[in-house]
Amino acid sequence: FIEYYNTSGTFTIDWYVEEVAAISDQILEETVIHEFGHILLNEMRAWKDANDALDHEERVVSHLTRVLKDWGESKEKKA
């Protein structure tokens, strides 16, 4: 329901509004964090073997998403 494209150093994000409206806020938040992580780590795709880089990028982004969500939730509990 969210796609992004690298167009010469800038990124375009396409939102599929009907699909976004149908999911929970929690899933949407996780997805946005995850996809923004891909944008931040996109330069990893310049590695020699793009498939290995994409697999690694996916693992890193998935882990970062969990860490950022957990961190945000723990800060909310303390507030």
Side-chain angles (χ1 to χ4, degrees):
F1 46 84
I2 299 172
E3 294 180 1
Y4 72 92
Y5 308 93
N6 182 352
T7 55
S8 303
T10 61
F11 291 86
T12 300
I13 299 175
D14 291 336
W15 299 84
Y16 298 93
V17 177
E18 289 179 7
E19 292 183 33
V20 169
I23 62 172
S24 70
D25 289 349
Q26 180 180 355
I27 298 295
L28 177 60
E29 181 181 21
E30 289 173 9
T31 302
V32 168
I33 291 169
H34 183 93
E35 296 306 324
F36 285 176
H38 279 295
I39 291 170
L40 293 171
L41 296 175
N42 185 265
E43 68 184 59
M44 293 172 69
R45 296 181 189 186
W47 289 356
K48 183 173 65 174
D49 187 342
N51 288 332
D52 286 344
L54 189 54
D55 289 344
H56 179 69
E57 177 184 322
E58 188 63 38
R59 283 190 303 275
V60 170
V61 167
S62 294
H63 290 298
L64 283 174
T65 298
R66 283 195 297 275
V67 167
L68 291 171
K69 284 278 296 162
D70 290 347
W71 179 67
E73 290 170 2
S74 69
K75 287 188 71 117
E76 288 175 2
K77 289 178 184 176
K78 291 179 181 177

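Hydrogens, waters and symmetry mates are skipped; everything else that's a heavy atom, side chains included, is used.
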Checklist entry - In chain order, what residues pass the side chain to side chain donor-acceptor pair (under 3.5 Å) check against E58, with sequence neighbours excluded? => result H34, H38
Checklist entry - Same cluster or not: are V67 and V60 linked, directly or through other Ile, Leu, Val, Met, Phe, Trp or Tyr residues, by side-chain heavy atoms under 4.5 angstrom apart? => result no
Checklist entry - Would R66 and E30 satisfy side-chain contact (heavy atoms from CB on, under 4.5 Å), going step by step from the backbone distance to the final call? => result CA-CA 8 Å; R66 283 195 297 275; E30 289 173 9; over 6 Å; no
Checklist entry - Would F36 and T31 count as a side-chain contact (heavy atoms from CB on, under 4.5 Å) if you check the C-alpha gap in whole Å, the side-chain angles of each, and the deciding distance to 0.1 Å? => result CA-CA 8 Å; F36 285 176; T31 302; over 6 Å; no
Checklist outcome for this item: The reported gap from CD1 in I33 to OG1 in T65 (rounded to nearest 0.5 angstrom) is 6.5 Å
Checklist entry - More than 12 foreign heavy atoms under 6.0 Å from CG of D70: is that the case here? => result yes
